[in-house]
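Structure first, then comments.
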Amino acid sequence: MNPGRLLVLEGIDGCGKSTQIPLLAGSLRAAGHDVLVTREPTDGPLGRRIRAMVAADEPVAPEQELAWFVEDRREHVREQIEPALAAGRVVVSDRYYLSTVAYQGARGLDWRSILDESERAFPAPDLALVLELDPRVGLARVQGRGRSLDPHFEEAGYLDRVAAIFRQLDRPYVVRIDASGEPDAVRARVHEVVSERLGLL
Ligand code: TYD
């Protein structure tokens, strides 16, 4: 049976994931694939709890923050990702465990152990596209959408540390994409990588 594929998009706030994901999902569907688009933090109870924390900028210990994201992911994998993969679907997730590695690593936790533990606990993605962008450009894009910055994660100094960890990830399933260009140029590169790496397009 077709084992399904797990494709994740990662990167700092404002890197363009939410523009690229519907475009990619549309191309995959046009190529005949059964696609599940999903995201983390999830829309489940834990994900909503996390979003409330982010919006309110509650002071939370890094270990607590890590535990919440991991718990939300455990439920996401069990209830949505694994069943979809077992049914042979192509899962496209807006963020997955590399976000925890980079964002909670940037809080001062050991990102290499978060990565090792995540790989033990969760299915590794077949492909993780990391959209790379200068954090200040990303934040300007977020504000350009008319949204105020959430104080918990959307701060340039912190995002510099997040971006630095994304740059150091050394896994064969990670491919970095320059996200500083026009959306259409980024779309073309995403398409090309998904085609070369997974043969899905
Ligand atoms: P985000 O994808 O930006 O959600 P939204 O589009 O609803 O704003 O995720 C919210 C924040 O959570 C974002 O700043 C990154 C952070 N985050 C982590 O710190 N660790 C994680 O494991 C995940 C999935 C997200």
Side-chain angles (χ1 to χ4, degrees), residues 6-22 24-25 37-81 91-119 121-125 128-166 169 174 179:
L6 177 57
L7 234 152
V8 304
L9 273 82
E10 298 279 6
I12 56 161
D13 302 82
C15 69
K17 288 181 287 92
S18 44
T19 302
Q20 294 300 326
I21 284 172
L24 174 61
V37 174
T38 184
R39 67 170 183 169
E40 295 183 359
T42 66
D43 297 311
L46 281 163
R48 288 201 300 273
R49 179 76 193 81
I50 291 170
R51 282 173 209 283
M53 165 196 81
V54 172
D57 195 23
E58 290 171 29
V60 176
E63 292 77 10
Q64 177 67 66
E65 204 172 283
L66 172 67
W68 280 353
F69 283 108
V70 170
E71 228 20 73
D72 185 38
R73 177 161 311 116
R74 211 180 293 288
E75 206 169 288
H76 190 210
V77 167
R78 189 179 58 232
E79 292 177 8
Q80 299 195 53
I81 296 180
V91 177
V92 177
S93 187
D94 183 341
R95 299 194 184 280
Y96 190 49
Y97 62 65
L98 296 178
S99 279
T100 309
V101 171
Y103 280 80
Q104 279 60 60
R107 287 271 185 250
L109 302 177
D110 177 2
W111 67 263
R112 291 180 193 279
S113 351
I114 302 177
L115 179 52
D116 290 342
E117 280 161 29
S118 298
E119 286 177 333
F122 302 115
L129 299 174
V130 177
L131 301 193
E132 290 196 311
L133 187 68
D134 178 332
R136 281 150 197 84
V137 176
L139 291 176
R141 285 186 184 175
V142 171
Q143 287 179 301
R145 288 178 213 145
R147 176 158 90 56
S148 59
L149 297 178
D150 77 58
H152 197 77
F153 290 121
E154 293 175 341
E155 187 268 310
Y158 174 66
L159 291 180
D160 283 336
R161 300 201 298 279
V162 173
I165 297 174
F166 275 131
L169 298 172
V174 171

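All ligand and atom numbering here is 1-based and tracks the order in the structure. All values below come from the heavy atoms of this structure, side chains included, with hydrogens, waters and symmetry mates left out. This one's a predicted model, so the numbers in the text were calculated from it and none came from an experiment.
Against a heavy-atom cut-off of under 4.0 Å, Arg39 is close to the following atoms of ligand 1: 7 (O). Residue-ligand proximity, Arg51 to ligand 1, at heavy-atom distances under 4.0 Å covers atoms 4 (O), 5 (P), 7 (O). Atoms of ligand 1 lying under 4.0 Å from at least one heavy atom of Arg73, given by number and element, are 22 (O), 24 (C). Near Asp13, the atoms of ligand 1 lying under 4.0 angstrom from a non-hydrogen atom of the residue are 3 (O), 13 (C), 14 (O). Residue contact check: Phe153 has heavy atoms under 4.0 Å from atoms 11 (C), 12 (O), 14 (O), 16 (C), 19 (O) of ligand 1. Below 4.0 Å from some heavy atom of Thr100 lie the following atoms of ligand 1, by number and element: 21 (C), 22 (O). Each of the following atoms of ligand 1 lies closer than 4.0 Å to a heavy atom of Glu40: 24 (C).
Using a cut-off of 4.0 Å between Lys/Arg side-chain N and Asp/Glu carboxylate O, Glu71 and Arg49 are scored as not salt-bridged. Taking a cutoff of 4.0 Å between a charged side-chain nitrogen and a carboxylate oxygen, Asp160 and Arg136 qualify as a salt bridge.
In this structure, atom 5 (P) of ligand 1 has a protein heavy-atom contact shorter than 4.0 Å.
To the nearest 0.5 angstrom, Phe166 atom CZ is 6.5 Å from Leu98 atom CG. Taken from CD in Gln104 to CG in Leu66, the straight-line distance is 6.0 Å, to the nearest 0.5 Å. Separation of atoms CG (Leu24) and OG1 (Thr19) is listed at 12.5 Å; rounding is to 0.5 Å. Here the CZ-OG1 distance, from Arg107 to Thr100, works out to 12.5 Å after rounding to the nearest 0.5 Å. The CD atom of Glu79 sits 11.0 Å away from atom OG1 of Thr38, with the distance rounded to the nearest 0.5 Å.
Looking at Tyr97, Tyr158, Phe69, it is Phe69 that brings a heavy atom closest to atom 17 (N) of ligand 1.
If you look at Gln104 next to ligand 1, the close heavy atoms, those under 4.0 Å, all belong to the side chain. Contacts of Glu154 with ligand 1, taken as heavy-atom pairs under 4.0 Å, are absent altogether.
For ligand 1, none of its N or O atoms has an N or O atom of Tyr103 under 3.5 Å away.
Classified by interplanar angle (parallel below 30°, tilted 30° to 60°, perpendicular above 60°), the ring pair Tyr103/Phe153 is perpendicular.
Closest to atom 2 (O) of ligand 1, if we only count protein heavy atoms, is Arg95 NE, 2.7 Å.
Between the side chains of Arg39 and Ser93, no donor-acceptor pair of N or O atoms lies under 3.5 Å.
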